[in-house]
Asks: 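Structure below; questions to follow.
Just so we're on the same page: letters track the sequence lines, and every chain starts at 1.
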Protein chains: 2
Amino acid sequence: MKKTTLKDIAKALNVSVSTVSKALHDIPEISEETRILIQNYAKEKNYRPNYNALSLKNKRTKSIGVIIPNMLNYFYMQVLQGIEKEAASHGYRIMTCISNESYQKEVEIIDMLSTGSIDGFLLAISKETEENGEFSHFTDSVKFGFPIVMFDRVSEHVECDKIITDDLNASADAVSNLVKQGCKRIAFVSPLKNLSIGRLRFEGYKKGLEQNNIAFDSSLVINTNEVNYKNYDTMIRPLFDHKIDGIISTNESSALSAMEIAKENGYNIPEDLAVISFANGLLARNSNPRLTCVSQHGEIMGAVAAKKLIEKLETKDDAKSYSTEYIETDIVVRDSTR
Amino acid sequence: MKKTTLKDIAKALNVSVSTVSKALHDIPEISEETRILIQNYAKEKNYRPNYNALSLKNKRTKSIGVIIPNMLNYFYMQVLQGIEKEAASHGYRIMTCISNESYQKEVEIIDMLSTGSIDGFLLAISKETEENGEFSHFTDSVKFGFPIVMFDRVSEHVECDKIITDDLNASADAVSNLVKQGCKRIAFVSPLKNLSIGRLRFEGYKKGLEQNNIAFDSSLVINTNEVNYKNYDTMIRPLFDHKIDGIISTNESSALSAMEIAKENGYNIPEDLAVISFANGLLARNSNPRLTCVSQHGEIMGAVAAKKLIEKLETKDDAKSYSTEYIETDIVVRDSTR
DNA sequence: TATCTTTTAAGGTGGTTTTTTTCATGAAAA
DNA sequence: TTTTCATGAAAAAAACCACCTTAAAAGATA
């Protein structure tokens with residue numbers, strides 16, 4: 001069996017293709033009799049217009065390219081879920097690609113999709129790209145008429161819409177939260193030094209200290225780049241020589257590592273040491289004790305990003321105004337804080 | 001700026017469209033001089049043939065529709081990653097959709113993509129569909145020329161290729177593994193009763209007991225449907241009235257719950273109670289103690305499924321032979337077993 | 001004139017849209 | 001009463017989207 005086309009219907013009913021097309025669109029110049037006849041036959045044969053033909057004619061695909069650095073990441077999956085739902089509700093499909101944190105792959109993906117397959121991009125920049133600072137594939141894409149909305153990992157060097165977590169204030173709030181519990185020596189643990197989010201969270205940490213009149217002490221800071229998973233332990237262990245009573249970590253795994261080491265050293269959590277982590281994912285919910293987290297609302301971020309892009313696509317105003325939207329964060333209190 | 005088309009190049013170089021097309025395809029009837037001229041210009045303008053036009057002409061899109069029941073699932077993300085990589089390596093794109101475990105959504109997705117947007121489907125059946133046993137949307141899809149390769153959650157009522165975990169033997173192996181450690185009263189905990197994988201794992205559990213000459217005791221079995229996350233605790237607690245010394249669980253969360261309850265009741269893990277869980281995900285790696293798991297190799301499953309579908313698509317033999325492939329499992333030993 | 005190279009033109013993919021054609025009806029003119 | 005012509009509805013044809021393929025035509029050379 002094969003798909004029914006307009007031509008098939010036309011031939012079967014002995015009318016012209018254009019008559020069929022018009023009848024199916026309820027255009028009044030087709031007589032009711034003919035229209036009903038055609039519509040019934042089309043329904044019976046389960047006719048669906050060919051998407052490629054439509055895309056060709058309309059110069060729009062109603063598809064969105066999504067580039068995600070890494071699929072094995074709970075936050076990005078939440079974002080993706082948000083994107084998918086929002087897109088589907090507007091009749092858009094998404095093409096999901098993984099850059100695998102690689103600049104080269106990112107370039108290839110954009111190249112591959114910039115062939116009339118999609119109308120625009122939703123993406124988070126790969127680590128490699130953020131580190132080497134080469135963004136021309138993005139700017140070119142925008143120039144060639146493929147709007148981009150960046151989420152989470154963005155760059156100030158690309159003119160486009162951006163949806164990000166308000167990491168700076170989230171981080172400062174986390175500090176304040178710990179201070180309220182009586183913490184005075186708050187450590188900062190981050191393996192995301194080179195990422196924009198890593199920088200912002202570090203800035204927020206410093207801002208939070210300042211707001212609470214606590215002196216910044218660099219010996220309480222571990223700010224580095226992604227390391228081998230196994231190394232968290234040796235990386236974090238020295239912190240405990242400095243009588244810390246609070247930790248803010250930028251990812252779940254390092255928070256868990258820290259908690260393990262703390263327990264080993266006889267700390268009670270949260271009594272002796274309070275821990276707040278970024279990235280409210282699976283681990284935080286199931287750790288022991290369960291982690292208090294900065295929740296970043298990935299699904300909302302995805303939905304907002306998709307909505308923004310679709311808005312851009314549906315209104316063809318060439319007014320090139322770009323905005324950056326902040327997604328609010330919450331602190332989800334669990335058992336690692338008092 | 002807009003995308004360059006063949007026509008644009010032809011006009012710019014004052015030749016005909018077909019000359020350009022031939023030149024770009026290195027067809028020998030075009031003079032070298034002309035060819036070089038055209039190829040250089042095309043490269044300069046970053047010409048890419050329009051995918052929609054190609055798809056229309058070739059009646060194939062080199063795109064694969066992927067339907068995943070649930071994105072916030074580590075295993076499926078591994079599968080998706082495997083699919084994406086394998087597809088990309090063959091020049092295929094994937095369109096990812098989430099059925100959200102809903103039959104209706106599944107139907108809509110298939111309907112939406114069966115319009116010349118994709119060449120075939122890779123999918124895992126949603127819970128609702130598996131429960132209500134309505135598979136006509138799948139069989140219709142196959143009939144209309146969209147091959148399906150199912151992974152993980154499959155149905156014997158649909159004739160198509162299938163890639164599944166060898167859940168039955170994996171489960172039996174897990175039993176044997178526990179028995180070797182001296183376990184005699186092995187409990188089975190599953191919230192996946194209505195899914196094919198749930199049934200197979202239960203069968204495997206019984207087979208494993210039989211192989212090891214242990215009598216089946218239904219009071220050691222909790223086999224139910226997905227329940228509210230919070231209910232694991234009350235569901236599992238009664239098990240501990242039966243002097244169990246081993247647990248096989250079909251998902252991570254219930255294993256974690258069981259371990260918590262065990263610790264509460266004074267059990268030492270793994271000395272007094274050994275635990276093996278299916279679904280080697282994030283939680284297993286980060287729990288305390290870390291979970292020994294049946295590893296299902298999601299990425300391999302995804303890659304194998306994608307490869308199989310692409311093979312089917314590229315060889316247009318109408319020999320309708322379908323096969324079911326089993327992905328081997330490993331037991332990844334961590335700290336919850338001896 | 002025959003042969004070879006290069007270019008042009010046509011046709012097809014599935015759909016939408018604009019333009020033309022067809023045909024019936026009715027009014028005006030013969 | 002018959003012929004002519006305008007009117008308008010209904011349907012068909014044709015153009016277009018971007019690309020590919022192939023047959024035909026043109027041009028150049030021997």
Asks: Separation of A:E33 atom CD from D:dA11 atom C1', in whole Å?
Replies: 13 Å
Asks: Check each residue of residues 109-118 of chain A for a non-hydrogen atom within less than 4.0 Å of any atom in DNA chain D, then write out the ones that pass by number, or none.
Replies: none
Asks: Quick one: A:L13 CG to D:dA12 C1', roughly how many Å, whole number?
Replies: 15 Å
Asks: Is a side-chain N or O of A:T115 found less than 3.5 angstrom from the main chain of A:M112, in a donor-acceptor match?
Replies: yes
Asks: Which of residues 35-45 of chain B sit near DNA chain D, with a heavy atom under 4.0 Å from it?
Replies: none
Asks: Checking B:K162 side chain against B:Y322 main chain: does a donor-acceptor pair fall under 3.5 Å?
Replies: no
Asks: Do A:R93 and B:S117 have side-chain N/O donor and acceptor atoms under 3.5 Å apart?
Replies: yes
Asks: Test salt bridge (Lys or Arg N to Asp or Glu O under 4.0 Å) on B:K105 and B:E128; report intermediate values, then the result.
Replies: CA-CA 10 Å; B:K105 191 78 200 293; B:E128 201 188 345; over 6 Å; no
Asks: Within the structure shown, what part of the strands sits under 4.0 Å from B:S55 by heavy-atom distance: base, sugar-phosphate, or nothing?
Replies: nothing
Asks: Strictly by modelled atom types, are A:T34 and A:E32 linked by a side-chain donor-acceptor pair under 3.5 Å?
Replies: no
Asks: Could you give the distance from OG1 (A:T19) to CD1 (A:I9), rounded to the nearest 0.5 Å?
Replies: 12.0 Å
Asks: Is any side-chain N of the basic residue among B:E314 and B:R60 closer than 4.0 Å to the acidic one's carboxylate O?
Replies: yes
Asks: Atom CD1 of A:I30 to atom P of C:dT22: distance rounded to whole Å?
Replies: 17 Å
Asks: Calculate the interatomic distance between B:E32 atom CD and C:dT5 atom C1'; express it in whole Å.
Replies: 14 Å
Asks: Would B:D119 and B:K62 pass as an ion pair if we require N to O under 4.0 Å?
Replies: no
Asks: Can you name the one residue among B:F121, B:F144, B:F146, B:Y103 that meets ring pair (Phe, Tyr, Trp, His ring centres under 6.0 Å) with B:H137?
Replies: B:Y103
Asks: Tell me whether B:K11 is salt-bridged to B:D8, with the criterion being a basic N under 4.0 Å from an acidic carboxylate O.
Replies: no
Asks: Keeping the roles fixed (side chain from B:E101, backbone from B:N70), state whether a donor-acceptor pair exists under 3.5 Å.
Replies: no
Asks: Does the protein touch nucleotides 9-18 of chain C at the base, only the backbone, or not at all? Give it as B, S and - per nucleotide, heavy atoms under 4.0 Å.
Replies: B--BBBBBBB
